[in-house]
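Since the structure is predicted, the reported quantities are computational estimates derived from the model, not experimental observations.
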Amino acid sequence: LDFKVGEAIFRGTGAGQPLGFLNSGGLISVAEETNQADNTVVANNVMKMWQRLYAPYRRSAVWYISPDIEVELARLTLVGRNASGNTSTFPTSMVYVPPGGDVGDICLCAMNKYICAVKSGGVQSSSSMHLWFDQDTTAFKFRMRVDGQPELDSPITPRAGSTTMSAFVTVAAR
């Protein structure tokens, strides 16, 4: 049940299930960088995700990272600049030190901006020995009614500036 509810909060269609933030109008997908190789993540993707997260939501935001991109994250570096401001190959610094390429591989989310409701009574369970009586098997059924959706149905446009922001940010397919 935990997996199914979590999956619906991420990818739900909103039809007979929660509307997942990856399918909501409030999601911002940060575009790939010019000449970025397919199925990679670069430091600018991550920095632009942080930029697009609405500042008041940053304190409670969390990163969700697919295991498929952990190797990419471990390779992220920022190229230093020398005293005259020119790009230099030294020094570089690691962006991510760890403990694919699709939307949702890496998400920055303020989950307190996702509204979720569970029908009172929580998880209901039942069992039946009659369903597969001839096979000496008992069937178990668990049911939980849950619904939810992101609080925002579109990105936030700041009063000054044109860069939209949201509580849910991901990197576009690359």
Side-chain angles (χ1 to χ4, degrees), residues 2 5-14 17-88 91-118 146-174:
D2 185 49
V5 170
E7 185 70 8
I9 289 171
F10 266 75
R11 295 180 178 80
T13 63
Q17 59 184 265
L19 175 63
F21 64 81
L22 290 177
N23 290 319
S24 77
L27 178 72
I28 291 178
S29 290
V30 173
E32 65 183 271
E33 296 295 304
T34 305
N35 299 322
Q36 181 176 341
D38 290 343
N39 298 318
T40 62
V41 175
V42 296
N44 278 347
N45 297 145
V46 175
M47 291 185 299
K48 287 180 178 179
M49 287 176 69
W50 185 251
Q51 174 195 19
R52 301 292 296 276
L53 184 72
Y54 187 50
Y57 301 162
R58 291 180 180 173
R59 178 178 292 189
S60 63
V62 293
W63 292 92
Y64 293 103
I65 300 167
S66 168
D68 293 342
I69 66 159
E70 284 184 345
V71 171
E72 289 294 320
L73 293 176
R75 294 180 187 149
L76 292 183
T77 57
L78 291 173
V79 176
R81 296 195 180 268
N82 60 23
S84 60
N86 296 322
T87 301
S88 119
T92 60
S93 58
M94 295 298 290
V95 174
Y96 173 82
V97 179
D102 295 324
V103 171
D105 277 354
I106 181 170
C107 301
L108 178 58
C109 305
M111 292 307 293
N112 61 341
K113 297 302 174 186
Y114 188 90
I115 302 166
C116 190
V118 178
V146 63
D147 199 4
Q149 68 181 41
E151 188 175 291
L152 303 172
D153 60 1
S154 63
I156 299 166
T157 303
R159 182 183 63 79
S162 60
T163 303
T164 57
M165 299 173 199
S166 182
F168 301 96
V169 183
T170 188
V171 177
R174 47 221 182 274

For the pair [X] (side chain) and [Y] (backbone), establish whether a donor and an acceptor sit closer than 3.5 Å, ignoring hydrogens and angles.
| X | Y | value |
| --- | --- | --- |
| R52 | T164 | yes |
| N23 | G12 | yes |
| T170 | I106 | yes |

Nearest heavy-atom pair of [X] and [Y]: which atoms, and what distance?
| X | Y | result |
| --- | --- | --- |
| P18 | D147 | CA-OD1, 3.4 Å |
| V169 | V30 | CG1-CG2, 3.8 Å |
| G25 | P155 | O-CD, 3.3 Å |
| L152 | A167 | CD1-N, 4.3 Å |

### Message
Run the side chain to side chain contact (heavy atoms under 4.5 Å, CB included) test on L76 and V46 for me, step by step, so that the C-alpha distance in whole Å, both residues' side-chain angles and the decisive distance to 0.1 Å come before the verdict.
### Response
CA-CA 10 Å; L76 292 183; V46 175; 3.9 Å; yes
### Task
With the side chain counted from C-beta on, respond yes when K113 and Y54 share a heavy-atom pair under 4.5 Å apart, and no when they do not.
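In short, these two side chains do not touch, never coming nearer than 4.5 Å.
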#### Entry: Non-hydrogen side-chain atoms of M165 and P158 separated by less than 4.5 Å
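M165 reaches P158 side chain to side chain.
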Any chance you could measure [X], atom [atom1], to [Y], atom [atom2], to the nearest 0.5 Å?
| X | Y | atom1 | atom2 | answer |
| --- | --- | --- | --- | --- |
| F21 | M111 | CZ | CE | 5.5 Å |
| S154 | I28 | OG | CD1 | 9.5 Å |
| T40 | E32 | OG1 | CD | 8.0 Å |
| E70 | I65 | CD | CD1 | 7.0 Å |
| L53 | L108 | CG | CG | 4.5 Å |
| Y114 | E151 | OH | CD | 12.5 Å |

### Task
Report the C-alpha separation of C116 and V146 in whole Å, then their side-chain angles, then the decisive distance to 0.1 Å, and conclude whether the side chain to side chain contact (heavy atoms under 4.5 Å, CB included) test is met.
CA-CA 7 Å; C116 190; V146 63; 3.6 Å; yes
### Task
Evaluate the criterion side chain to side chain donor-acceptor pair (under 3.5 Å) for residue pair N44 and Q36; output intermediate values, then yes/no.
CA-CA 10 Å; N44 278 347; Q36 181 176 341; over 6 Å; no
### Message
Quick check on Y57: does its OH atom have over 12 non-hydrogen neighbours (other residues, nucleotides or ligands) under 6.0 Å away?
### Response
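Above 12, so yes.
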### Message
If we check side-chain contact (heavy atoms from CB on, under 4.5 Å) with F168, which of these qualifies: C107, S29, C109?
### Response
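For F168, the side-chain contact (heavy atoms from CB on, under 4.5 Å) test succeeds with only one of C107, S29, C109, which is C109.
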